[in-house]
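Notes follow the structure.
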Amino acid sequence: MSDEFMRQAIELALDNIRRGKGGPFAALVVRDGRVIARGTNLVTSIHDPTAHAEIVAIREACRALDDFQLSGCDLYTTCEPCPMCMGAIYWARPARVFFACASQDAAAAGFDDSFIYDQLRAPHERRRIPMIPLLRQDALRIFAEWEAKPDKIKY
């Protein structure tokens, strides 16, 4: 754990705001005491709702490591990750995540993601965006073929 890495992430977020590149968030991926990737929120500047700082940093780190997992890495992020970023973090499997601000701090600044947690718990038919099952039986063969594939890379 290093306060210095979090300070770097905070400065990166401030720079992102000042340059008008996106929201007030930044993240670093660190391995063996060295920053291997940086990410800032680019949602509005590149018109990509998935371009949160953590996602941007994870993508960059995976490219740098030529791997789809961040084994042995730490993620430093300026705010407690949102549900989307949490999902990406768990799939990437870093060793640890350090965060500065809490989700309540983000909500107070206009970045409230609590409704997403509520939606995830709601039954499909009661979600704000309709989630409608379609052709499940036809699609199950996708998983059957995956399970039979002898050279699959598990993740």
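This structure is a prediction, so every number in the text was calculated from the model and none was measured.
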With no hydrogens and no angle check, is any side-chain donor or acceptor of N16 less than 3.5 Å from a backbone partner on N41?
yes

Taking K152 for its side chain and W146 for its backbone only, find out whether a donor-acceptor pair lies under 3.5 Å.
yes

Residues passing the side-chain hydrogen bond (donor to acceptor under 3.5 Å, both in side chains) test with K149, sequence neighbours excluded, are D151

Least distance between heavy atoms, A61 atom then A37 atom:
N-CB, 3.4 Å

Atom OH of Y90: over 12 foreign heavy atoms under 6.0 Å
no

Please name the pair of heavy atoms, one in Q119 and one in R128, separated by the smallest distance, quoted to 0.1 Å.
OE1-N, 2.6 Å

Among residues at least two apart in sequence or on other chains, which ones pass salt bridge (Lys or Arg N to Asp or Glu O under 4.0 Å) with R121?
D118

Is it the case that more than 12 heavy atoms not belonging to E125 sit under 6.0 Å from its CD atom?
yes

Indicate the atoms forming the closest heavy-atom contact of G39 with L12, along with that distance.
O-CD2, 3.9 Å

Considering residues at least two apart in sequence or located in another chain, which fulfil the ring pair (Phe, Tyr, Trp, His ring centres under 6.0 Å) criterion with F111?
F25

Tell me whether I10 shares a hydrophobic cluster with L28, the cluster being built from Ile, Leu, Val, Met, Phe, Trp, Tyr side chains joined at under 4.5 Å.
yes

Quick check for you: to the nearest 0.5 Å, what is the distance between T78 atom OG1 and E54 atom CD?
7.0 Å

Could you work out, with ring pair (Phe, Tyr, Trp, His ring centres under 6.0 Å) as the rule, every residue matching F98, not counting sequence neighbours?
Y76

Looking only at heavy atoms, the pair that brings Q69 and L65 closest together is O-CD1, 4.4 Å

Nearest heavy-atom neighbours spanning A26 and A13:
CB-N, 3.4 Å

For R18, give me all partners under salt bridge (Lys or Arg N to Asp or Glu O under 4.0 Å), at least two apart in sequence or on another chain.
none

Looking at residues at least two apart in the chain, or sitting in another chain, which of them share a salt bridge (Lys or Arg N to Asp or Glu O under 4.0 Å) with D15?
R19

List the atom of E60, the atom of I36, and the distance in Å for their closest heavy-atom pair.
OE2-O, 4.1 Å

